[in-house]
Amino acid sequence: MSDLPQLTAGICTRINDNVREDDQLFNIQPTVQLLSFKKIPPTSGPTQDRYRVIVSDGEHFLQSMLATQMNYIVEEDQIAKGTIATIEKFSVNLVQGKRLLIILALKVLVKHAEKIGSPKALQPRGEDGAPASAPVTPGPSTSTTPAAAAVPARQQTQAGRGGRAAAVYPIESLSPYQTHWTIKARVTNKSDIRTWSNQRGEGKLFSVTLMDESGEIRATAFNAAVDELYDRLQDGKVYLISKAKVNLAKKKFSNVNNEYELTFERSTEVEECHDATDVPTVKFNFINISSLQDVAKDSTCDVIGVVKDVSELSSITSKATSKVIPKRELTIVDRSGYSVRMTLWGKQAEQYDENDHPVIAFKGAKVGDFQGRSLSMMSSSTMHVNPDIPEAHALRGWYDAAGADQQFQSHTGTMVSGGGITFDRAEIRNLNDVKVSELGMFDKPDNFCARATIMHIKSDNISYPACPTTGCGKKVLQMGESWRCEKCDKSFPKPEHRYMVAMAVSDYSGQAWFQGFNDVGQTVFGMTADELVEIKDREELQYNTVINASIGKTFNFTCRAKQDTYNDQTRVRYGISRILPLSYREEAKYLADLLLTSDWAR
DNA sequence: CCCCCCCC
């Protein structure tokens, strides 16, 4: 017969039926066949790529996700359709009421193999092995299915206190639904002890970032826990940690890539672990400098780049505290062809002394909107000069070979009109409120967020012939056979059409007219204005079909309300500075987070 | 339970 490794019979059914108390399941290292794998498009913002993998045990198949630290196995072409592999470590999460296998470690046995058997789909199962409820649809009166309840992997056991064996869980599997766990994690980024004093009281705190090969999580100790743990937790060392509280992380303040954070309590157990070879040292989640435009102001991110320029040391006076603070600006560039300014503060600014265009990795840098986009160091940010990581070596090679002579695009002018305020669900105003609040009625424009549905599009004039020069976009006039741009003082054989759309939008409270430019039209119609004009010239009926297809679509908007005088009439116009298609996943997640974070829901 | 992180 065949020399192929045996697939672990029945494992798909078993994972699918697993109830939370099933301890034995996670001791298995099943051998499966990978039927297919596919990159999942990110739902929003610059996140790491994720891969979906269909695994089969020969009888049934099951959908799974690769944990991001396993992405390399796809990206380095180590697996193929039909690959037979052993899942060395996994967990099972409940996602939207369905069980989802998460592959944390995978060993390839045979890369190329024929499909084994005729595996069949399994009936989706819910939290307790019961058939899953119907998919969640967002709306005011939906049922409350838990967003994600994790069933963690037992990756290994370790002798805990009192000789009792304690399961070691990957950080990635921690969640508020999980109570008895131990993690084995390296401490990084240990802060100084800080004190605070406000209306709610006063106290002291310090925090650390904990990481293992599955991910990282921020942990904070307050008051008595500070006395207990500050000296015992040392930067760079590895500990077994248990009995800390898992809370939802407030994204606004978090620079680590985790939905949750830990609070150390006096009862939290911390034990140094000397067998630490399997625990990584620093984890980055780099984004390209070009992608900064998609990252919200005030969020944090990891960036790696070459220092193109260094400013002299200077200083600023803080408006809040009147303190004089030293600062230094670095200009960093990467292969995306963009540059961005990074501000160092205080001692770090004074002591910076690198001359030869080093590669620097920044972790937890704060995103600002000065000149489009800017970066700045915070107390929780870290800087790593010429780190010994593949990304750094690649950048070094690129810069020395080509990058040094390249021109770089700054973020100035690349941000959407309206100052780049980002969409924030917590700030949504209803349209009636926008009107009665008289937004934009005074001397300066007002930005606001709205969620509204397109009711009508003024279809007779949705675009204009524009100058094709990058960054110009001014209207051009036909002069005989060519099109002339006054601003560029140039003529072109044909124009580039750009959208200028007026649309009536509604929400539950009322309606308004919004004006959108080119990016808005492209999002709404799903094609360029050139393409749509071509359709209109060729087939008016099809053009109407395209326009009508946008009616009834709902979007999240960021708008700019501004007074405008035209033909002696003064009125407020609402310009769309940002349009985002609704992501049901994001909307539902926002509502679920509200439930978890609001006091009245406890 | 902090959450300030600066200026132009």
Side-chain angles (χ1 to χ4, degrees), chain A residues 176 189-210 217-230 233 244-256 258-268 296-301 309 311-331 339-350 352 362-383 410-413 415 419-420 424 426 593 596-599 602:
Chain A
N189 240 327
K190 182 182 169 186
S191 76
D192 295 329
I193 296 175
R194 204 178 73 231
T195 57
W196 84 87
S197 167
N198 58 27
Q199 303 96 307
R200 302 184 201 201
E202 53 187 56
K204 58 181 173 181
L205 71 110
F206 82 99
S207 53
V208 294
T209 300
L210 300 172
I217 193 164
R218 191 83 183 150
T220 307
F222 294 95
N223 304 321
V226 175
D227 301 330
E228 188 69 36
L229 294 172
Y230 186 77
L233 286 172
K245 206 167 148 197
V246 185
N247 297 313
L248 255 181
K250 296 195 182 72
K251 285 277 153 181
K252 198 165 82 153
F253 306 123
S254 169
N255 64 336
V256 304
N258 200 310
E259 291 292 301
Y260 305 112
E261 60 191 23
L262 297 179
T263 302
F264 287 147
E265 292 167 316
R266 229 178 340 178
S267 55
T268 295
K297 169 174 153 58
D298 295 332
S299 64
T300 60
C301 65
D309 241 325
S311 77
E312 293 297 312
L313 184 67
S314 63
S315 68
I316 58 117
T317 306
S318 163
K319 277 177 183 160
T321 63
S322 306
K323 273 190 197 159
V324 176
I325 298 150
K327 76 159 192 183
R328 192 190 296 270
E329 312 279 4
L330 309 183
T331 303
S339 70
V340 70
R341 215 172 81 169
M342 161 68 80
T343 308
L344 311 183
W345 303 100
K347 271 204 178 77
Q348 197 161 45
E350 290 171 343
Y352 184 88
F362 298 92
K363 187 167 171 56
K366 182 181 159 149
V367 178
D369 64 355
F370 184 70
Q371 287 172 357
R373 275 293 178 263
S374 58
L375 293 171
S376 139
M377 294 294 276
M378 302 196 291
S379 63
S380 56
S381 316
T382 54
M383 186 174 107
S410 79
H411 283 282
T412 319
M415 301 303 293
D424 184 344
D593 285 355
L596 276 167
T597 50
S598 54
D599 290 332
R602 289 183 207 283

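Counting non-hydrogen atoms under 4.0 angstrom, A:Lys366 reaches the backbone sugars and phosphates but no base. Residue contacts for A:Lys319: at a heavy-atom cut-off of 4.0 Å it reaches the sugar-phosphate backbone alone, with no base atom in range. Contact annotation for A:Ser376: backbone-only contact, meaning every heavy-atom pair under 4.0 Å involves sugar-phosphate atoms and none involves a base. Looking at heavy-atom distances under 4.0 Å, A:Gln348 makes no contact with the nucleic acid at all.
Residue pairs meeting the side chain to side chain donor-acceptor pair (under 3.5 Å) criterion with at least one partner in residues 311-322 of chain A, sequence neighbours excluded, are A:Ser318-A:Thr321. The stretch residues 197-206 of chain A participates, sequence neighbours left out, in these side chain to side chain donor-acceptor pair (under 3.5 Å) pairs: A:Lys204-A:Asp227.
For A:Ser339, the side-chain contact (heavy atoms from CB on, under 4.5 Å) partners two or more places apart in sequence, or in a different chain, are A:Thr331, A:Val333, A:Phe408, A:Ser410. Applying the salt bridge (Lys or Arg N to Asp or Glu O under 4.0 Å) criterion to A:Glu228, with sequence neighbours excluded, gives A:Arg232. In this structure, the ring-ring contact (aromatic ring centres under 6.0 Å, His included) partners of A:Phe222, at least two apart in sequence or on a different chain, are A:Trp196.
Between A:Met377 and A:Trp345, the shortest heavy-atom contact is O-CD1, 3.2 Å.
Protein chain A touches strand DNA chain B; the 5'-most and 3'-most nucleotides with an atom under 4.0 angstrom of its non-hydrogen atoms are B:dC1 to B:dC8.
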